[in-house]
Amino acid sequence: MAQRCRIVLGCAEGKSNQDVAAEWGIWPQTVGKWRNRFVARRFQGLVDQPRPGAPRTIGDEQVEQVVVATLERTPTDATHWSRASMAAESGLSRSTVGRIWKAFGLKPTWPPRRRQPRPGTSSALLGRCGVSLV
């Protein structure tokens, strides 16, 4: 929206589409598009139009609940959330939970659990390095 307003203001100063485009590092066709929309519908021409596709079925409240639960709580029977456990908790699908986590950069299973070393591994390694635990 800010860029669109800068385009219109640049055009209002009497600059050409090419000059405004060069000033803001955009294509002259983009300047022409927003200039024409502003001329036709004034400020309403600069507002985003609805995007194609189905409307969202998951509200912001549900997304917030998943994010807050992921960050502030742990499941009762595990050390961290899995997509399946969060899906059961929130009532959303596993793929939806995964998309929410990806959008917010959440990785509740990170870092992965460490495996326990095999008995004798550390002393054998130290022995190769010339260190004795006696």
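Small disclaimer: the values here were computed from a predicted structure and weren't measured.
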At what distance, to the nearest 0.5 angstrom, does [atom1] of [X] lie from [atom2] of [Y]?
X: Gln65; Y: Thr70; atom1: CD; atom2: OG1; value: 11.0 Å
X: Arg94; Y: Ser85; atom1: CZ; atom2: OG; value: 11.0 Å
X: Gln62; Y: Thr96; atom1: CD; atom2: OG1; value: 9.0 Å
X: Lys107; Y: His80; atom1: NZ; atom2: NE2; value: 14.0 Å
X: Ile7; Y: Phe38; atom1: CD1; atom2: CZ; value: 12.0 Å
X: Met86; Y: Ser93; atom1: CE; atom2: OG; value: 13.0 Å

Would [X] and [Y] show up in the same hydrophobic cluster when neighbours are defined by side-chain heavy atoms closer than 4.5 Å?
X: Leu9; Y: Val39; answer: no
X: Trp24; Y: Trp34; answer: yes
X: Val97; Y: Ile58; answer: yes
X: Val8; Y: Trp27; answer: no

### Message
Please give me the minimum heavy-atom distance between Val66 and Ser90, naming the atom from each residue.
### Response
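Shortest heavy-atom separation between Val66 and Ser90 comes out as CG2-CB, 3.9 Å.
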
### Heavy-atom closest contact (Val20 atom, Cys11 atom, distance)
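Closest pair (atom of Val20, atom of Cys11, distance): CG2-N, 4.0 Å.
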
### Task
State plainly whether the residues Glu89 and Arg73 are in salt-bridge range, i.e. N to O under 4.0 Å.
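Yes, charged N to carboxylate O under 4.0 Å.
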
### Message
Do Lys15 and Glu23 have side chains that approach each other closer than 4.5 Å (heavy atoms only, starting at C-beta)?
### Response
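Of all side-chain heavy-atom pairs linking Glu23 with Lys15, at least one is under 4.5 Å.
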
### Query
Can you tell if the side chain of Val63 reaches within under 4.5 Å of the side chain of Arg56, non-hydrogen atoms only?
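A side-chain contact under 4.5 Å exists here.
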
### Query
Is it true that the side chains of Thr74 and Trp81 contain a donor and an acceptor less than 3.5 Å apart?
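No donor-acceptor contact under 3.5 Å links the two side chains.
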
